[in-house]
Protein chains: 2
Amino acid sequence: MELSPTAKVILGVLGMGPRSGYEIKALVDRSTRFFWAASYGQIYPELRRLGEAGLVEGTDSPTGGRKRTVYRLTPTGEGILRRWLGTPPEIYEMRHEGMLKLFFADALEPAERIERLREMQTLHRDKVAALREIEPAASEFPDSSPYQVLRFGIEFNEWVVEWCERAVEELEARLAAKRTG
Amino acid sequence: MELSPTAKVILGVLGMGPRSGYEIKALVDRSTRFFWAASYGQIYPELRRLGEAGLVEGTDSPTGGRKRTVYRLTPTGEGILRRWLGTPPEIYEMRHEGMLKLFFADALEPAERIERLREMQTLHRDKVAALREIEPAASEFPDSSPYQVLRFGIEFNEWVVEWCERAVEELEARLAAKRTG
DNA sequence: AAATCCATGTAATTCGTTACATGATTTG
DNA sequence: CAAATCATGTAACGAATTACATGGATTT
């Protein structure tokens with residue numbers, strides 16, 4: 001039973017309690033999206049597949065005349081979630097356009113290379129700001145895993161901001177040395 | 001002229017000098033793969049498309065009876081590369097299974113949560129080791145952008161290893177406090 | 001009354017990996 | 001001479017986003 005990327009988030013989220021597809025998407029957008037995204041085009045078909053495979057179970061629970069299906073884990077699904085959680089992580093990927101541009105920055109003037117670094121810094125500063133907005137709500141449960149993960153996100157992005165700062169300083173020092181030397 | 005993800009690496013690599021598709025792939029695998037991967041199934045078709053669009057130009061230069069096409073940037077391609085390099089980065093994505101498992105770790109025993117963290121730590125320790133192997137060769141050009149990016153990779157992964165260490169210590173302290181308290 | 005939110009779902013398109021097929025050349 | 005490397009390419013498949021379509025409920 002190989003779990004698809006989207007199945008992993010769905011099972012994990014349903015492990016916290018029953019939810020509709022819409023609610024799963026909303027939760028993902030507020031939390032795991034920073035390291036594990038999922039769109040409607042993935043979530044709804046995957047919920048159907050997981051239902052067919054017997055890992056989740058949908059119950060109709062409309063709000064008024066608005067139809068709505070709430071999904072919960074079956075015992076099988078619960079077991080498979082546990083098993084997956086108990087396995088070492090395998091997937092770790094990054095797609096970082098700032099890094100890519102920096103990698104090719106030898107083709108640029110030194111001043112432009114510094115500009116590239118500044119832009120990368122801005123991007124990560126914005127990430128810190130975005131995550132800090134979530135923080136007050138999340139800090140209600142300071143011992144929880146989700147809060148720990150949020151802290152990681154904030155501290156990691158702060159680290160990158162500082163790294164950029166140091167990199168800029170080094171480059172500027174080198175530029176100055178070249179001018180005077 | 002919207003550049004595809006693979007077009008970005010290809011143009012960047014060709015900006016450092018003419019290369020065959022095979023050589024592009026080899027370089028990517030030794031360098032940008034950590035933050036921008038590309039496979040044969042992307043590279044060869046994209047080289048053809050870039051050729052049709054007039055950004056690159058292929059020249060037959062067989063080695064013996066083994067056919068081989070070396071690509072170089074056209075002036076148009078050069079210009080488009082420059083323009084892209086001079087624009088703020090937009091794409092920044094991460095897919096981190098360790099983080100995802102940690103996020104859902106409230107469903108686990110505290111001891112298991114610590115295990116999850118240890119596994120994440122191992123993963124990043126392995127990354128540090130892998131990058132350190134490349135370092136000696138890269139450090140020949142300590143002022144180059146690629147070396148700077150490699151340093152980022154090493155230092156970033158080291159930071160994560162330390163973060164995991166701190167997180168484990170906190171959790172262990174909390175566990176101990178619970179036992180005695 | 002309009003805007004926003006709740007809710008579900010699909011179609012089109014792009015992106016990306018893996019595996020396969022083919023064959024020459026070099027190195028041990 | 002076997003294995004590794006150089007070299008190009010495609011087919012099958014899976015993953016993912018975006019946009020669209022539809023419609024009820026709630027809020028302003």
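Nothing here was measured: the structure is a model prediction, and the numbers come from that model. Values below: every heavy atom of this structure, side chains too, minus hydrogens, waters and symmetry copies. Every chain is numbered from 1 and lettered A, B, ... according to where its sequence line falls, protein lines coming before strand lines.
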Take atom [atom1] of [X] and atom [atom2] of [N], then tell me their distance rounded to the nearest Å.
{"X": "B:R95", "N": "C:dG16", "atom1": "CZ", "atom2": "P", "result": "13 Å"}
{"X": "B:K25", "N": "D:dT5", "atom1": "NZ", "atom2": "C1'", "result": "14 Å"}
{"X": "A:R49", "N": "D:dC13", "atom1": "CZ", "atom2": "P", "result": "15 Å"}
{"X": "A:L27", "N": "C:dC6", "atom1": "CG", "atom2": "C1'", "result": "16 Å"}
{"X": "B:E93", "N": "D:dA15", "atom1": "CD", "atom2": "P", "result": "16 Å"}
{"X": "B:I91", "N": "D:dT18", "atom1": "CD1", "atom2": "P", "result": "11 Å"}
{"X": "A:E2", "N": "C:dT17", "atom1": "CD", "atom2": "C1'", "result": "14 Å"}
{"X": "A:F35", "N": "D:dA16", "atom1": "CZ", "atom2": "P", "result": "15 Å"}

Report each atom pair, protein N/O against N/O of nucleotides 22-26 of chain C, whose distance is under 3.5 angstrom.
{"residue": "C:dT25", "atom": "OP1", "partner": "B:G65", "partner atom": "N", "Å": "2.5"}
{"residue": "C:dT25", "atom": "O4'", "partner": "B:R66", "partner atom": "NH2", "Å": "2.8"}

On DNA chain D, check which nucleotide each of B:E23 and A:S39 is closest to and give me the residue with the more 5' one.
->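 The 5'-side residue here is B:E23.
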
Toward the 5' end of DNA chain D, by each residue's nearest nucleotide, A:L3 or B:G41 |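 Nearest nucleotide further toward 5': that of B:G41.
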
Can a side chain N or O of [X] be found less than 4.0 Å away from OP1 or OP2 on [N]?
{"X": "B:Y40", "N": "D:dG9", "answer": "no"}
{"X": "B:Y44", "N": "D:dT8", "answer": "yes"}
{"X": "B:Q42", "N": "C:dC15", "answer": "no"}

Assess whether atom CZ of B:R83 is packed by more than 12 heavy atoms of other residues, nucleotides or ligands within 6.0 Å.
->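 Counting neighbours around CZ of B:R83, 12 or fewer heavy atoms of other residues, nucleotides or ligands fall under 6.0 Å, so no.
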
How about B:F156 and B:W163: are their ring centroids closer than 6.0 Å?
->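 No, they do not, as the ring centres are separated by 6.0 Å or more.
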
Would you indicate which nucleotide in D:dC6, C:dT8, C:dC15 comes nearest to any side-chain atom of A:R68?
->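 Closest of the options to the side chain of A:R68: C:dT8.
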
For the side chain of B:Y22, starting at C-beta, report the closest nucleotide among D:dT8, C:dT8, C:dG16.
->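 Out of D:dT8, C:dT8, C:dG16, the nucleotide with an atom closest to B:Y22's side chain is D:dT8.
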
Heavy-atom donor-acceptor pair, A:S61 side chain to A:T69 backbone, under 3.5 Å |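 A pair under 3.5 Å: no.
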
Distance-only, no hydrogens or angles: does the A:R95 side chain make a donor-acceptor pair with backbone N or O of B:A37 under 3.5 Å?
->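 Here the side-chain-to-backbone pair exists.
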
Would you sort out whether B:E165 and B:R118 count as a salt bridge (charged side-chain N to carboxylate O under 4.0 Å, His left out), showing the intermediate values?
-> CA-CA 8 Å; B:E165 193 60 42; B:R118 285 292 184 209; 3.1 Å; yes

Are a donor atom and an acceptor atom from the side chains of A:Y147 and A:E135 found within less than 3.5 Å of each other?
->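 A pair is found: one side chain offers a donor N or O, the other an acceptor, under 3.5 Å apart.
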
Side chains of B:S145 and A:D106: is there a donor and an acceptor less than 3.5 Å apart?
->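 There is such a pair (donor and acceptor under 3.5 Å, judged by atom type) between the side chains of B:S145 and A:D106.
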
Scan [X] against the nucleic acid and name what it touches under 4.0 Å (heavy atoms): base, sugar-phosphate only, or nothing.
{"X": "B:A26", "value": "nothing"}
{"X": "A:R48", "value": "nothing"}
{"X": "A:S20", "value": "sugar-phosphate"}
{"X": "A:P62", "value": "nothing"}

Inter- and intrachain pairs under ring-ring contact (aromatic ring centres under 6.0 Å, His included), touching residues 18-39 of chain B, at least two apart =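 Found none.
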
Toward the 5' end of DNA chain C, which comes first, A:P45 or A:K67, by nearest nucleotide?
->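 Whichever sits nearer the 5' end wins; that is A:K67.
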
